[in-house]
Amino acid sequence: MATGSVQPLLPTPTSVRVPALSPDGRSLAFGMARDGVPAHQARVMIAPAAGGTPRDAAPDLDVAVELVGWLPDSQTVVLSGTDGTRNGLWLAKEGKATKLDLGGLNPASADIGSTGTIAFTASTATRPAELFVLPAPGQAPAQLTSLQTVTDGVTLGRQETLTWKSDGYIADGVITYPPDYKPGEKRPLVLYIHGGPVSASLQTFTTSSQILAAQGWIVLEPNYRGSNNRGYKFQQSIIRDATAGPGRDIMAGVAELKRRGLIDDKRMAVSGWSYGGMMTSWLIGAYPQAWKAAVAGAPVTDVLDQYTTADSNRGRAAQYGPSPFVGDNMASYSRQSPIFQAWKARAPTLIMSDVGDWRVTIPQAYKLYRALSDNKVEVKFVAYPVPGHSPADPIRARDVWRRWVDWLKPRLDSAP
């Protein structure tokens with residue numbers, strides 16, 4: 001400020017998230033993609049405030065992490081991330097990361113007080129998010145609120161984590177059983193596939209899985225390659241393989257459920273929103289005989305459209321590959337697009353989308369509807385006259401789930 005001169009703090013241009021100065025003002029912590037490449041794993045870096053080379057806050061932690069903030073010692077940063085089917089918090093100091101013991105809590109947003117107290121929201125398998133406080137590392141977290149009473153007195157479906165092998169990877173997912181499930185029973189299966197793809201399904205309270213399990217169905221929420229819960233290699237392996245590889249991961253999870261004798265494989269449905277809708281669209285074409293029904297919400301059906309018309313547009317090249325308009329890359333984009341498999345689909349499919357969706361523009365849903373209709377597949381298309389990636393108001397949000405259940409129920413509950 002004394003001279004008015006401005007100089008870059010970081011040696012190379014990069015996209016920086018949530019920069020935070022240490023309390024003593026000597027260091028800057030910030031989030032960025034690994035090696036500055038947008039499609040890579042999220043890392044937290046620390047750089048001298050006077051200028052210098054940034055270093056990874058936790059180089060040996062193979063978890064996609066975000067910065068929560070600094071502790072008062074100006075030496076330790078708190079990181080958050082997903083490890084398997086649980087979220088966690090870590091303390092990182094001098095390049096070493098230590099995971100905090102939070103018991104069965106699944107933390108979400110967190111903040112740090114001036115004395116080092118960590119406040120965070122967290123859910124459990126049977127209760128939506130409440131507010132907790134961790135007075136100091138090593139102490140037990142204390143619950144501050146009891147606001148979420150919607151589950152009081154309600155019998156919920158039990159959850160567990162399932163792991164399986166797929167193409168040399170260890171994939172995982174979350175099973176939610178019907179509330180009245182008895183060991184040894186075979187129940188219909190509903191896949192509920194998460195979006196992103198840089199996200200993960202967690203073993204914690206989830207409205208969607210509980211709604212579906214309450215109908216008497218076993219619900220599997222698979223974490224396919226591209227998810228950010230099983231390390232760098234697993235997340236990266238989706239690049240230029242946006243559908244076929246993740247599809248194999250999901251089907252390997254279904255095969256594991258069959259092997260364990262948990263599901264009636266004559267009554268299976270696939271569903272999801274956004275990237276989950278994309279994988280639904282892919283799976284009904286690539287594995288047409290597997291499904292009794294499908295629900296595709298805001299589905300990506302043509303990755304060329306995702307590159308040219310979505311709000312992320314050209315940024316998607318980091319995932320799907322270089323520009324489709326350079327060389328013969330268009331062939332790669334077509335190979336990864338569910339719409340080119342849709343002619344093989346046979347499952348009755350419900351499609352839902354917002355007219356004003358800027359994340360996945362609605363013509364992609366039109367394409368899937370037309371492809372299924374032209375091939376004499378039972379299909380219904382519901383367009384919500386609102387902006388956004390999914391209906392946000394409570395009336396339409398409830399309508400989505402009513403339609404979801406009403407579409408699957410007669411098809412899954414009937415005899416094979």
Side-chain angles (χ1 to χ4, degrees), residues 8-84 86-102 105-123 129 131-138 141 196 198-200 202 204 227-232 234-236 315 318:
L9 177 61
L10 304 178
T12 56
T14 185
S15 177
V16 171
R17 299 191 295 273
V18 200
L21 276 170
S22 60
D24 63 10
R26 295 181 179 180
S27 302
L28 181 76
F30 57 93
M32 64 172 285
R34 188 169 176 169
D35 302 323
V37 179
H40 286 193
Q41 184 187 67
R43 309 303 297 161
V44 169
M45 310 296 289
I46 298 176
T53 303
R55 59 179 175 84
D56 195 323
D60 297 329
L61 181 63
D62 191 13
V63 172
V65 290
E66 299 290 347
L67 176 66
V68 176
W70 290 91
L71 290 185
D73 64 1
S74 295
Q75 303 294 315
T76 308
V77 290
V78 180
L79 312 177
S80 64
T82 303
D83 186 13
R86 297 277 189 179
N87 283 341
L89 297 175
W90 288 260
L91 301 182
K93 181 178 181 180
E94 298 177 350
K96 302 295 182 181
T98 303
K99 192 173 185 179
L100 294 173
D101 183 3
L102 302 177
L105 298 177
N106 197 65
S109 57
D111 202 0
I112 306 170
S114 59
T115 63
T117 299
I118 301 173
F120 59 94
T121 58
S123 55
L131 183 62
F132 295 81
V133 64
L134 186 68
V198 183
S199 181
L202 305 177
T204 191
S227 302
N228 63 349
N229 69 321
R230 297 201 68 88
Y232 180 63
F234 191 69
Q235 182 178 325
Q236 291 298 103

If you compare all heavy atoms of [X] against all heavy atoms of [Y], which two are closest, and at what distance to 0.1 Å?
{"X": "S123", "Y": "A129", "result": "CB-N, 3.9 Å"}
{"X": "W90", "Y": "S80", "result": "CZ3-C, 4.1 Å"}
{"X": "F30", "Y": "P54", "result": "CZ-CB, 4.0 Å"}
{"X": "Q235", "Y": "A64", "result": "OE1-CB, 4.1 Å"}
{"X": "G25", "Y": "A49", "result": "O-CB, 3.4 Å"}

How long is the gap from [atom1] on [X] to [atom2] on [Y], to the nearest 0.5 Å?
{"X": "L134", "Y": "I112", "atom1": "CG", "atom2": "CD1", "result": "10.5 Å"}
{"X": "D83", "Y": "R230", "atom1": "CG", "atom2": "CZ", "result": "8.5 Å"}
{"X": "L89", "Y": "T98", "atom1": "CG", "atom2": "OG1", "result": "12.5 Å"}
{"X": "I46", "Y": "T53", "atom1": "CD1", "atom2": "OG1", "result": "14.0 Å"}
{"X": "T204", "Y": "R86", "atom1": "OG1", "atom2": "CZ", "result": "7.0 Å"}
{"X": "K96", "Y": "L91", "atom1": "NZ", "atom2": "CG", "result": "15.0 Å"}

Would you give me the side-chain donor-acceptor pairs under 3.5 Å for residues 67-79, sequence neighbours excluded?
unit_1: W70; atom_1: NE1; unit_2: A20; atom_2: O; d: 2.9
unit_1: D73; atom_1: OD1; unit_2: Q75; atom_2: N; d: 2.9
unit_1: D73; atom_1: OD1; unit_2: T76; atom_2: N; d: 3.0
unit_1: D73; atom_1: OD2; unit_2: T76; atom_2: OG1; d: 2.8
unit_1: S74; atom_1: OG; unit_2: D24; atom_2: N; d: 3.0

Quick one: are L100 and I118 in side-chain contact, heavy atoms under 4.5 Å?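 When only atoms from C-beta onward are counted, I118 and L100 do touch, with a gap below 4.5 Å.
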
Should F120 and L105 count as side-chain neighbours, where that means a heavy-atom distance under 4.5 Å?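 They are in side-chain contact.
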
Which residue pairs satisfy the side-chain hydrogen bond (donor to acceptor under 3.5 Å, both in side chains) criterion with at least one member in residues 37-47, sequence neighbours excluded?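 The answer is H40-Y232, H40-Q236, Q41-R43, Q41-D62, R43-D56.
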
Using a 3.5 Å distance criterion without hydrogens, assess whether the side chain of S22 forms a donor-acceptor pair with backbone atoms of S27.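 Yes; judged by distance alone, with no hydrogens or angles, the pair exists.
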
Polar side-chain atom of N87 near backbone of A108 as donor-acceptor pair, under 3.5 Å: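 Side chain of N87 to backbone of A108, a donor-acceptor pair under 3.5 Å: no, none is there.
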
For atom CZ of R26, decide whether the heavy atoms of other residues, nucleotides or ligands shown that lie under 6.0 angstrom number more than 12.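 Result for CZ/R26: open.
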
